[in-house]
Visitor: 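Have a look at this one.
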There are 2 protein chains.
Amino acid sequence: MVTIKDVARDAGVSVGTVSNVLNGGRVSEARRKLVEASIEKLGYQVNTLAKGMRMQKTDYVVVILPNLINPYFALLLDALESELSAVGKQVLLCLSGDDAEREVAFMDMAKQNKVDGIIGVTYSKVEEERIENMAFVSIDRHYKSHIPCVAGDNWQGGWLAAENLHKRGSTNLLCFMTMSSVDSEVRKRRVGFTEYCMEHDLSCNSVEMSEKQIVSVYESYGSRKLIHNMLRAYISPSLGEHSIDGIFTSSDHLATIVREELEEMGKRVPEDIQIIGYDGLQFLNQGKPIVSSIAQPVHEIAKQAVKSLTDMIENGKAEDVTNIPVTFHEGPTTKPLETISE
Amino acid sequence: MVTIKDVARDAGVSVGTVSNVLNGGRVSEARRKLVEASIEKLGYQVNTLAKGMRMQKTDYVVVILPNLINPYFALLLDALESELSAVGKQVLLCLSGDDAEREVAFMDMAKQNKVDGIIGVTYSKVEEERIENMAFVSIDRHYKSHIPCVAGDNWQGGWLAAENLHKRGSTNLLCFMTMSSVDSEVRKRRVGFTEYCMEHDLSCNSVEMSEKQIVSVYESYGSRKLIHNMLRAYISPSLGEHSIDGIFTSSDHLATIVREELEEMGKRVPEDIQIIGYDGLQFLNQGKPIVSSIAQPVHEIAKQAVKSLTDMIENGKAEDVTNIPVTFHEGPTTKPLETISE
DNA sequence: CTGAAAGCGCTAACAG
DNA sequence: CTGTTAGCGCTTTCAG
């Protein structure tokens, strides 16, 4: 391996001078040329380990995500990698599998590896001391501590969902969410949803299920049954005009499950009941929407997260940015606007 | 920051002894207890940078993938991360965006960072000197050089596709693939497909399109048009009994495009024409198949890739493993087997 | 401007 | 077994 010493010897200068040309220090033009020639000739590359050790920092950023099975996280990671590499940082990937212990282990690892910072969608309550001296930016999750949070405008998302269900003909609405203990940010969706309903005199119901019960919904008969029963409770001829005809779910994933359950109950979607999900996932991530949905602005979120991280690194602080605009994406689970006049 | 020196001082032993308890060297039970207590008390963590520098290696593995928009890559990365973290390695993520220059830059970076190795789905022809002394395992791509390749059994995949189209009633088959210059492994799909057709006296056509033209198919009107024309050429009443009634595509992505085009042409899928894609992607990555498909054994591929990488690291070589069994996943673009007797 | 030298924290001889 | 010590490759004073 060719080191800075080799370059120095070959160029006939000291290592200090080589280091200076490498890092933009003051070097006479003549010597700079000499050194650059030797670097080229020898094919020298800095050893980032040695550099990192000396500087007590690296250009790594740890990205913590629950998994990549959920396309929303995959898309987010894709966007984050793009933004980070644009500012010369490398992604050290950590998939927590929704396991708080793994998250903690990753944060310790991050400290050991002298990473520049952490960007993450984490579920565990992050303890202050775990991340002392480390820049940390949270996506979608709001903590009480000084960790800056970046998120789409959840209040607006809830409002938009209610508005679109309403304008497309639904009047008996249901807000159906899964919730973990650190989801204070996500809760705003229900607030926006409910406020729209109140302002427009719409019947509005709301259900929250523990995230733990939902997570394994495709494998678990029990949780599926729970959803089934829940829907039965709100949808029935015996309820008359109070029977639900519009549902807002906390994710596209949940929306598809609800859709399947409704169709098994003999309901037509969207003719009898409309559904709006959350995240804006598309068929193969680039075709048609899977369900009608409030789309997360993945790229803007990634961009802001990296910006906030940079602020944290440089100034030790960054503002919360939780009002990035979301949009309604029309999909197969709502009626088109045109048909309302029929 | 607490270093090994601090621990040594606190425990009243030498740094060598601390290093020994850390790395399983010979230490008397009494001192080991002492040191462990100090480590606990001081909250010591090894500095991986210093360790890496001394050892001239780290526990990082670079994973190079084109993107995470394609769910197949996202799923693969999820599985790779899981396998790698199980053997104590960290994922340094590189998304190449199908850009050969970026791939090369990443490989250089990998060398600089003293990573243990690289696992990647790369498009550029990897030059030997780029990866001197580095363990490299390729997924799905076969190179002429000594780089071991891990892949699903592509020959079997092609065979299975033809067999299932046939058994479900199609007799005029078409193999429709996109192809890049380094896809020698993927080409085996067509071989398997064709061989089944020959053995069973089926009419068999085959088309290859340059990958460059397909990549941006959702954005590009031109490439879409190309597919349209191509399909028109093979499907028309004027062809009589030679008109295609079963299509095998090189990806699920392409399968969905073909399906859309066929439906715009007024053909019914699967009644008139059946389609089988490749990769086995599911709705939201865990529900129903998007299209009928030959499913890649993502977890087995990931497991074998990590095993091959370990072999490379330890023995400097590893065998190609390109016969990991694939399976047919029934989806909405083929007729059920039962209906054949009708 | 330039060179010499002091470590960053750790491991691996080596001598005791 | 245990302590001492020489670097790994790099940046950064500090003299010159």
Side-chain angles (χ1 to χ4, degrees), chain A residues 1-39 42-60 88 108-116 133-134, chain B residues 1-39 42-60 88 108-116 133-134:
Chain A
M1 160 195 292
V2 33
T3 75
I4 199 171
K5 253 179 170 166
D6 300 318
V7 176
R9 191 178 323 113
D10 184 82
V13 302
S14 75
V15 292
T17 302
V18 178
S19 176
N20 277 338
V21 345
L22 252 28
N23 300 292
R26 306 182 193 299
V27 184
S28 69
E29 199 52 33
R31 285 170 183 251
R32 159 161 276 125
K33 283 268 195 296
L34 233 46
V35 171
E36 278 165 354
S38 294
I39 287 176
L42 271 42
Y44 168 77
Q45 296 181 154
V46 299
N47 180 327
T48 43
L49 248 46
K51 181 169 186 165
M53 161 144 189
R54 188 61 232 257
M55 313 277 284
Q56 289 300 318
K57 72 180 284 285
T58 62
D59 286 325
Y60 300 140
D108 285 347
M109 180 281 292
K111 208 168 9 176
Q112 277 175 71
N113 290 33
K114 306 283 177 260
V115 307
D116 283 1
N133 306 322
M134 269 195 315
Chain B
M1 162 196 293
V2 32
T3 75
I4 198 171
K5 255 178 169 165
D6 300 319
V7 176
R9 193 179 320 116
D10 184 83
V13 302
S14 75
V15 291
T17 302
V18 178
S19 176
N20 277 339
V21 347
L22 251 28
N23 300 294
R26 308 181 190 300
V27 184
S28 69
E29 199 51 35
R31 283 170 185 250
R32 159 163 275 125
K33 283 267 196 296
L34 233 46
V35 171
E36 279 166 354
S38 294
I39 287 177
L42 271 40
Y44 168 78
Q45 298 183 153
V46 298
N47 180 328
T48 42
L49 249 44
K51 181 167 187 167
M53 160 145 190
R54 187 64 231 257
M55 314 277 283
Q56 290 302 319
K57 73 180 283 284
T58 61
D59 285 326
Y60 300 139
D108 285 346
M109 179 280 292
K111 208 166 12 175
Q112 276 177 70
N113 290 33
K114 307 282 177 258
V115 306
D116 282 0
N133 306 322
M134 269 196 314

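Model, not experiment: these values are computed from the prediction. Every chain is numbered from 1, with letters handed out A, B, ... down the list of sequences.
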Visitor: Measure from the side-chain N and O atoms of A:Thr58 to the backbone N and O of A:Gly52, and report whether any donor-acceptor pair falls under 3.5 Å.
Guide: no
Visitor: Using whole Å, report how far CG of B:Asn47 lies from C1' of C:dC10.
Guide: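 Nearest whole value for this atom pair: 8 Å.
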Visitor: B:Lys51 NZ to C:dC10 P: how many Å, rounded?
Guide: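 Spelled out: NZ on B:Lys51 to P on C:dC10 is 10 Å.
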Visitor: Can you measure B:Tyr44 atom OH to C:dG9 atom P for me and round it to whole angstrom units?
Guide: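 Checked: the OH to P distance equals 10 Å.
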Visitor: How close or far is atom P of D:dG9 from atom CD of B:Gln112, stated in whole angstroms?
Guide: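 So the two atoms are 14 Å apart, to the nearest Å.
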Visitor: List the steps, then state whether side chain to side chain contact (heavy atoms under 4.5 Å, CB included) holds for B:Tyr44 with B:Asp10.
Guide: CA-CA 11 Å; B:Tyr44 168 78; B:Asp10 184 83; over 6 Å; no
Visitor: When you measure from every atom of DNA chain D, which of residues 2-36 of chain A have a heavy atom less than 4.0 Å away?
Guide: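 Per residue number, the list reads A:Thr3, A:Ile4, A:Gly16, A:Ser19, A:Asn23.
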Visitor: Have A:Asn113 and B:Tyr60 got a donor and an acceptor in their side chains that come within less than 3.5 Å?
Guide: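 Distance-only check passes for A:Asn113 and B:Tyr60.
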Visitor: Rounded to whole Å, how long is the line connecting atom CE of A:Met55 with atom P of C:dG7?
Guide: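 Spelled out: CE on A:Met55 to P on C:dG7 is 19 Å.
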Visitor: B:Val18 and side chain to side chain contact (heavy atoms under 4.5 Å, CB included): which partner among B:Asp6, B:Val7, B:Thr3?
Guide: B:Val7
Visitor: Round to the nearest Å and state the distance from B:Gln45 atom CD to C:dC8 atom P.
Guide: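 The answer, rounded to whole Å, is 19 Å.
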Visitor: Starting at CE of A:Met1 and ending at C1' of D:dC10, how long is that distance when rounded to a whole Å?
Guide: 12 Å
Visitor: Excluding sequence neighbours, so at least two apart, what forms side chain to side chain contact (heavy atoms under 4.5 Å, CB included) with A:Lys51?
Guide: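 Listed in chain order: A:Asn23, A:Met55.
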Visitor: Please report the distance, rounded to the nearest Å, between CD1 in A:Ile39 and C1' in D:dC10.
Guide: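 Those two atoms, CD1 and C1', are 13 Å apart.
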Visitor: Where do B:Val13 and B:Val21 land on the side chain to side chain contact (heavy atoms under 4.5 Å, CB included) test, with the steps shown first?
Guide: CA-CA 11 Å; B:Val13 302; B:Val21 347; over 6 Å; no
